Protein chains: 2
Amino acid sequence: MAERVTIGDLAQRLGLSKASVSYALNGQPGVSEQTRARVLALARELQWYPSSSARTLSGARTGIVGLVLSRDPDLLGTEPYYMLVLSGIEAELIDAEYGLLLRMVGSEPGRDLPVYERWAGERRVDGVMLFDQRRDDPRIPLLRHLGLPAVLNGAAEPGSVLPTVVPDEHGDARQVVELLHGLGHRWIGHLTGPSGLLHEERRELLVRAAAARAGMAVESIEGDYTMGTAERLIGERLRHGPGPTAWVASNDVMALGAVRAAAREGVDVPGRLSVVSWDDSLLCEIGAPPITALDRHPRDFGRRCARALLAEIAGTPDDGTGARASELRVRSSTGPAAP
Amino acid sequence: MAERVTIGDLAQRLGLSKASVSYALNGQPGVSEQTRARVLALARELQWYPSSSARTLSGARTGIVGLVLSRDPDLLGTEPYYMLVLSGIEAELIDAEYGLLLRMVGSEPGRDLPVYERWAGERRVDGVMLFDQRRDDPRIPLLRHLGLPAVLNGAAEPGSVLPTVVPDEHGDARQVVELLHGLGHRWIGHLTGPSGLLHEERRELLVRAAAARAGMAVESIEGDYTMGTAERLIGERLRHGPGPTAWVASNDVMALGAVRAAAREGVDVPGRLSVVSWDDSLLCEIGAPPITALDRHPRDFGRRCARALLAEIAGTPDDGTGARASELRVRSSTGPAAP
DNA sequence: CTGAAAGCGCTTACAG
DNA sequence: CTGAAAGCGCTTACAG
C-alpha cells in the first residue's frame, strides 16, 4: 500500500516550511518561482495529493456537489431522461474537477429533506441541485436556512429566491401545438405528469395558451409517468366517447401507454389518433409506430444545471442562460386529424 | 444561515470536556449514562452534526464509496440495466449510512485510472466498485498498489485477488439454451458485447458449453451493445445464407437490433427466427414483437455489490453470496424452430 | 521571500 | 468517570 505523503514530508525533504510548500502548491504569492518549481516537481514525483478532509477542515470547499433523486427507482430505470441529464452534469463537473454525491431516496415526499440537513451539517457538499420542484416546495426554505447553495432545475417559480435553470418550455409547447395544428387537429389532449410538479403545471399552462391562440380545444388528464397508468387512463377516455384527435404525453413511457391503449381499443395510430411525446428516447424510436417526440437535449440541460450551481458556489451567479431550442422529431405516430 | 455547532460548543454548554462529549456521542465507554443522555439531548436540540472532514482527518472513514462508470453516456441512457443496478447500490448504502460518489468518464479505456489515484490520494472514498472487468484489467494492480478496498462485480477471474460478486451466469446460460432447445432449435447464434469484457467471454463459454451438452451448434458475432451495429451485423448474417434459427443477444438494445434486422430482411420473428435478450427491460416489453428476456434482477445485484464492498471495508469479507436465480420471461420473440 | 504558530473539528491515548 | 493534550494535514494571518 502506497504510503500517504503529506505536505510536511515535502517540506522536510526540501528544507522548507510547510507554509512555503502550501503556497507553492496553491499558486499563492510568497515563494520564488524557483522554489515553486522545486516543490511542484517533488510533489509530482512523490505523487502527492492534498487530503480532501484536511483542506475542507481548514476552510476550503469540499469539491463535491450533491444530488438527491426522489423518483421511484423503477421509473429511473425506464426513463432514459435522467441518466442523460446525469451524464451532462458529470461532464460539466469533471471540467471543474468537481465530484457528484448521488442519493436516491424513493418518491415518498419529504424523504430528501433529512439528506440536505445532514449534508449541510456534516459539510459534505458545497451545494446541491434540485429537480422536480413542487409548489411551496419545502426544500427551498430549508436550504435557505441551512445556507447551502442550491440551484433549481426545470421550472421557474415567479419570484424564486434561488437561481433557476429552465428548458425552453415556451418553445417546446409552441412546437408541439403547431405541429398538431398544422395537421388539422383542433381538439387535443394533454396527458400530464403528477400535478404537484411545477414543470407540469407550467407545461399545462403553455400548452393551453398556445392551443388557445390557434383556436384549439384542450383537455387534460393527470398521469403518473408510468406506462400502465397511461394505458388505463387513455383507454378509458377512448371508450368514453368522442375526444381529442391527438394526445401529448409528458414523457416517453406515457406516450407508449397511450399508443398501447389505442391499439387495444382498435383505434389506429396515426390514422384516427396522433400521439406526441414530450421526451425523446430509444423507446420512442422503436415504438410501433415510432413516436413523434421532442428532443429536449437532456445532456445539454444537465450541463447547464451543473454550470449554474458551480457559478452559484463560486459566488458569480450565472442563471444558466441560453437553453438550446428543442428539436421535434416527427415520426409515424402523428398524422392528419381524422375527419 | 444556521451557525455551525461544534463539539466544543456542546462541551462548553454542558461544562464538560470535548473528550467526554465525543465519547458520549460515539457510544464509547468513559461517560456515565446520565452524562451521555444529557449530551445526546443537547446535540439533538442544537442539531449538531459531526464534521465529516474533521472526522475523516482524525482517522475515521469517509463514509463514501466511489463508482466510476466507463460507458458511453448514450449507452447508459438507453440501457436501463445500469440505472437499476445503481438504485440497488443506493438502497444498500442508505441502510449503512454510506454515500455514493459517482463519476462518468466515457468509454475510452484507461480514463478511469486517474480517478482512482486521485480518490485514493485525497482520501475521498473508503472503497470503490468495479464493473465491466476486462482481461488483465489494469485497475486491479492499481487499486492494490493504492491500498484502496475494491470489489469486482459481474465476472470472476480465476484466482482474482479481489472479492467478486457474480450473477448466476451458469443458470442464465442454461435457462436460455434450454428454452431454445425445447423449441427445437439446433443451431443458435450468440450476439455478444465487446470481447474484451470478461463477463462476455464467460457467457460465451457457458452458452457454448450448455449448447454442446444439448447437441446444438453455436456461432457468435461480436457486437458493441448498440442497436445500430446489432441491426447491421444480423442483417448481414441473414443475407449471407443459412444460419442459426435463434439469436441470443447480450443486452436488450442489441436484441431489438436483431429483431429490426429480421424485419428488414423479411424474416418473420418468431416464425423463422427467434430472439432472446440477456437483459430484460421496458424495451423488451414494448418490442414488436415483445422480446423474450432474462430478468437478472439488477437491483438485487446492485445490493449485493454494495454489501460486498461494505463488508470488505469493514474488514469482514463476505463475497456477496447467494445470487438470486434469474427469471426467463418468455414473450413472443421466441417460437418453435423453423423446419 | 520564508518560517513559526494557531486553528479548522474531531478522536484517542494518557493521566488523574 | 472525567479532563488536558496531542495529533490528523492542511491554510493563513503574522512576524521576520
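Just so you know, these numbers come straight off a predicted model, no measurement behind them. Each chain gets a letter, A, B and so on, in the order the sequences are listed, and its residues count up from 1. The basis for the numbers below is simple: all heavy atoms, side chains too, and nothing from hydrogens, waters or symmetry mates.
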Checklist entry - Looking only at side-chain N and O atoms, does B:S22 come under 4.0 Å of OP1 or OP2 in C:dC10? => result no

Item to check | 5' precedence on DNA chain D between B:L16 and B:A54 (nearest-nucleotide basis) | outcome: B:L16

Item to check | Check: B:S22 side chain, B:K18 main-chain N or O, donor-acceptor pair, under 3.5 Å | outcome: no

Item to check | Pairing partner (Watson-Crick or G-U wobble, both distances under 3.5 angstrom) of D:dA13 | outcome: none

Next on the checklist: Is B:S17 close enough to D:dG3 that one of its side-chain N or O atoms is under 4.0 Å from OP1 or OP2 there?
Outcome noted: yes

Item to check | Rounded distance (Å) that lies between atom P of D:dT12 and atom CZ of A:R61 | outcome: 11 Å

Item to check | Value in whole Å for how far the P atom of D:dT2 lies from CZ of B:R36 | outcome: 10 Å

Checklist entry - Paired with C:dA4 by Watson-Crick or G-U wobble geometry, both distances under 3.5 Å: which nucleotide is it? => result none

Checklist entry - How many Å lie between CG on B:N26 and P on C:dG9, as a whole number? => result 17 Å

Next on the checklist: Nearest whole Å is fine: how far is D:dT12 C1' from A:L57 CG?
Outcome noted: 14 Å

Checklist entry - 5'-most contact on DNA chain D: A:R55 or B:S20, nearest heavy atom basis? => result B:S20

Next on the checklist: Can you tell me if A:Q28 touches the phosphate of D:dT11, counting only side-chain N or O atoms and a distance under 4.0 Å to OP1 or OP2?
Outcome noted: no

Checklist entry - Base, sugar-phosphate alone, or nothing: which one does B:T6 contact when heavy atoms must sit under 4.0 Å apart? => result sugar-phosphate

Checklist entry - Does a nitrogen or oxygen in the side chain of B:S51 sit under 4.0 Å from OP1 or OP2 of C:dC10? => result no

Checklist entry - Hey, is the side chain of B:T56 poking within less than 4.0 Å of OP1 or OP2 on D:dC8, counting only N and O atoms? => result no

Checklist entry - Nearest to the side chain of A:A19, which nucleotide is it out of C:dA4, D:dC1, D:dC10? => result C:dA4

Checklist entry - So is A:R71 actually on top of A:Y225's ring, under 6.0 Å and inside 45° of the axis? => result yes

Checklist outcome for this item: Rounded to whole Å, CD of A:E33 lies from P of C:dC1 at a distance of 8 Å

Checklist entry - What is the nucleic acid contact for B:S53, judged by heavy atoms within less than 4.0 Å: base, sugar-phosphate only, or nothing? => result nothing

Next on the checklist: Side chains of B:D72 and B:S107: any donor to acceptor distance under 3.5 Å?
Outcome noted: no

Item to check | Nucleotide D:dA5, atom C1' - distance to OH of B:Y23 in whole Å | outcome: 11 Å

Checklist entry - If you measure from CZ on A:R303 to CG on A:D95, what distance do you get to the nearest 0.5 Å? => result 5.5 Å

Next on the checklist: Is it the case that the side chains of A:R299 and A:S87 hold a donor-acceptor pair, with the cut-off being a distance below 3.5 Å and no angle test?
Outcome noted: yes

Checklist entry - Rounded to whole angstroms, how far apart are NZ on A:K18 and P on C:dC1? => result 23 Å

Checklist entry - To the nearest angstrom, how far is A:L10 atom CG from D:dC10 atom C1'? => result 12 Å

